[in-house]
Amino acid sequence: MNVTIEGQVFDVQSGVSCRDALKGALSGKKFKNVVACRCNGTPLDLTATVPADTTTIEPVFADSPEGIELIRHSAAHIMAEAVQKLFPGVKVTIGPAIDSGFYYDFDYERPFSVDDLEAIEAEMQKIVAAAHPFTRTEMTKDEAVALFEGMGETYKVEIVRDIPADTVSVYRSGDFVDLCRGPHIPDTSFVKAFKLLSVAGAYWRGDEKNRMLSRVYGTAFADPKALKDHLHQIEEAKRRDHRKLGQQLDLFAFHEDVAPGMVYWHPKGMLLRTILEDFLRKEHLKRGYELVQGPQLLRREVWEKSGHYDNYRENMYFTVIDDNAYGVKPMNCVSHMLIYKSHLRSYRDLPRRMFELGVVHRHEKSGVLHGLLRVRQFTQDDAHILCRPDQLEAEIIGVIALVRDLMGLFGFDYRIVISTRPEKSIGSDEDWDRATNALIGAVATAGLSYTINEGDGAFYGPKIDIKVTDAIGREWQLSTIQVDFTLPDRFDLVYIGQDGERHRPVMVHRAILGSLERFIGVLTEHFAGAFPTWIVPVQARLLTVTDAQNDFAMGARDQLVAAGLRVEADTRNEKLGYKVREAQLEKIPYILVVGDKEVEAGGVNVRLRNGENLGLKTLAEVAEMIRADCQEPFKRGGMSYSFS
RNA sequence: GCCCACAUAGCUCAGGCGGUAGAGCACUUCCUUGGUAAGGAAGAGGUCAUGAGUUCAAGUCUCAUUGUGGGCUCCA
């Protein structure tokens, strides 16, 4: 038969293995790099016979994304074999390849610890060196059940029973046998670079009602250099850790014994946060939002009415005041409803866009708290838009424009995910269709691409999630835009239409940065602590060479502060090198050195935080430079920055 | 919440087999006035997370509590 391989047509005899078919078609060097293949798109082992109707065979190379996944999955098998050898009686469960590596979950008499990793790794090295081939066997489910029951692998038996197909495949490599869809790499020696990274507990099937298993994480690559790069990337992420930087830069702290999961903002961090908040308020006012604020504590009855008491009680804090039960707000929407209801609204009044930097409390489980990224008290840049149905799409377009401008301002790339109606949901099909189409239409109008996440919407309406990518390629979800059909109903919100009748407004919940705490955490990691000049707490610091320049430096500082800049003077009795080092470590954008020469010339010597030296500048020039630097990011969006 | 690891000075960390606590940085004082990433000296600073237990004796061993870190399906 004629088969296309890498764009060329070859005559492949029937009954020939994929390995032999490819060997004849590829150069020796290329062939050595092949770990599996796809025949007419179906992934197969190299040992498989080329299927009769095959028209194309695509080699899967070790360094392709698919190849790396196979290597990782195979590494998981190798790890399981090593663990079985070292810890007799261990039961294996599942071990997939994941984005950054692989893991395998084990059930053993004791949990594994990081101290076990070294021994497991050494055992794996032996298996890799032995180059055991992976061999595939197909069998019926009953045969597989008997096989795994015979081995005492009860978890595997459970998995086999759950598989809908009639037959399953089993892979052997060395002494290890595992249920596996495949394909696999030809033999264990193809795992050329791997490392075990950590251990963790993990529930069987991710359900906390099930038994806790012992998970071992590792990663593997096609070659040692790629592994080294990956480990370097892990180090880089550590270097950018906002918890570490937050302490080094003295932005914020936690007092675990006083308020776990709640932030203490130190002066520098609070300054940064305040600049961000002020900017957000102004920007929202420019875009037709109104600033509002509701109370922290609301009577329990209102949470019952909103549905939070039924659906969200676990995450709420309650207290009793004068025999009345109160709930601390976990969301701002209820108050915004009440503000809407304070007047009878006309169709002419709509849309109303209510913006609140709302402080909310949510009782997150203790184990999920994580620096600023997961806290129990946080501030949302929250808004609720109440509009007529015919205004919905235009409103969403406005929100997306704001997302685009804000993400552009910080230099984040992002992608858009639209989630549609889930099985368990309320509202008419008509409402859902209209709202979902409005979301899709708005994203299309904005000229942005999106993906659809079928059935992942909230029970009360469809939503748009925006996932941003930071400077080192990690993805974060910040913004969310959700249409809500329930709350306007529950609170009986109305407006009087042109026809004189009462109508139900549509509600949109939206948060762009999400939580300010979380956003500042992400920003810190994104910029590795070197914040853009417009938002950095200290924009410039004057350093005196000796105390003879102290008066000049303090005068210069006052002048720059009066010009609206955030400037400090370091007049301590320390050597210049020492002061430079400190300012540099604090990632202050402009370091202004003042010695006798500068005093004489009436200026300062400018050093940037990247170490570059700009030489002597007048104070007016410095002020202009800093202002221009502040404006720079705003040129990308339709926004401006003011120094008031 | 659950599993593992961890909790010692403001910060980063040492403290063999149980015998009354140590460094660097930061801080205070003094000397030093030094031109772009750490000048020198002295001093002060700790109920070893909290509470029990074992022991003649606990930072060290055991248990509990609180908190922190890594995780808790990316479905063979």
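Numbers restart at 1 for each chain; the letters A, B, ... are given by sequence-line order, proteins then strands. Just so it is clear, the model here is predicted, and its values are computed rather than measured.
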>> Checking contacts here: which listed nucleotide (B/G71, B/G34, B/G35) is nearest the side-chain heavy atoms of A/Lys575?
In response: B/G34
>> Using O4'-C1'-N9-C4 for purines and O4'-C1'-N1-C2 for pyrimidines, with syn meaning within 90° of 0, is B/G18 syn or anti?
In response: anti
> If pairing requires Watson-Crick or G-U wobble contacts with both distances under 3.5 Å, which nucleotide is the partner of B/U33?
Replying inline: none
> So, is A/Arg607 near the phosphate of B/A37, with a side-chain N or O under 4.0 Å from OP1 or OP2?
Replying inline: yes
> Choosing from B/G39, B/U73, B/U36, which nucleotide comes nearest the side chain of A/Glu574?
Replying inline: B/G39
> With a distance cut-off below 6.0 Å to the six-membered ring centre and an angular limit of 45° from the axis, does A/Arg72 pair with A/Phe221 as a cation-pi contact?
Replying inline: yes
> Would you say the base of B/G35 and the side-chain of A/Glu598 have a donor-acceptor pair closer than 3.5 Å?
Replying inline: yes
> Is there a Watson-Crick or G-U wobble partner for B/U47 with both distances under 3.5 Å, and if so, which one is it?
Replying inline: none
> Nearest heavy-atom pair of A/Tyr103 and A/Ala76: which atoms, and what distance?
Replying inline: O-CB, 4.0 Å
> Do the charged groups of A/Glu235 and A/Arg240 touch, with an N to O distance under 4.0 Å?
Replying inline: no
> Choosing from B/G71, B/A37, B/A76, which nucleotide comes nearest the side chain of A/Leu179?
Replying inline: B/A76
>> Can you tell me which nucleotide in B/U68, B/A76, B/C11 comes closest to the side chain of A/Leu369?
In response: B/U68
> Using a cut-off of 4.0 Å on non-hydrogen atoms, how would the nucleic acid contact of A/Gly371 be classed: base, sugar-phosphate, or nothing?
Replying inline: sugar-phosphate
> Expressed as a whole number of Å, how far does the P atom of B/A9 sit from that of B/U54?
Replying inline: 28 Å
> Watson-Crick or G-U wobble partner for B/G22, using a 3.5 Å limit on both distances?
Replying inline: B/C13
> Where the side chain of A/Leu576 is concerned, which of B/C75, B/U73, B/G35 is the nearest nucleotide?
Replying inline: B/G35
> Which of the following nucleotides, B/G70, B/C74, B/G1, is nearest to the side chain of A/His370?
Replying inline: B/G70
> Hey, does the side chain of A/Thr188 reach the backbone of A/Ile127 with a donor-acceptor pair shorter than 3.5 angstrom?
Replying inline: yes
>> Taking pairing as Watson-Crick or G-U wobble with both contacts under 3.5 Å, can you name the mate of B/U62, or confirm there isn't one?
In response: B/A52
>> Between the base of B/G1 and the side chain of A/Tyr203, is there a donor and acceptor pair under 3.5 angstrom?
In response: yes
>> Whether the side chain of A/Asn573 and the base of B/G34 hold a donor-acceptor pair under 3.5 Å is what I'd like checked.
In response: yes
> So what's B/C6 paired with, Watson-Crick or G-U wobble, going by both distances under 3.5 Å?
Replying inline: B/G67
> Donor-acceptor pair, A/Lys579 side chain versus A/Asp570 backbone, under 3.5 Å?
Replying inline: yes
> Given the P atoms of B/G34 and B/G39, what is the spacing between them in whole Å?
Replying inline: 14 Å
>> Between B/U55 and B/G71, how far apart are the two P atoms, rounded to whole Å?
In response: 42 Å
> Is there a Watson-Crick or G-U wobble partner for B/A57 with both distances under 3.5 Å, and which nucleotide is it?
Replying inline: none
> Out of B/G1, B/U36, B/G70, which has the shortest distance to the side chain of A/Ser198?
Replying inline: B/G70
>> Within 90° of 0 counts as syn, otherwise anti: where does B/C11 fall?
In response: anti
>> Suppose you measure atom P in B/G1 against the same atom in B/C56; what distance do you get, rounded to whole Å?
In response: 38 Å
> Among B/U36, B/G70, B/C27, which nucleotide sits nearest the side chain of A/Arg243?
Replying inline: B/G70
>> Under 4.0 Å, heavy atoms only, any strand: does A/Phe254 hit a base, just the sugar-phosphate, or nothing?
In response: nothing
> Which nucleotide in the list B/A76, B/A37, B/G34 gets nearest to the side chain of A/Val545?
Replying inline: B/G34
>> Let's test this: given Watson-Crick or G-U wobble pairing with both distances under 3.5 Å, identify the partner of B/C72.
In response: B/G1
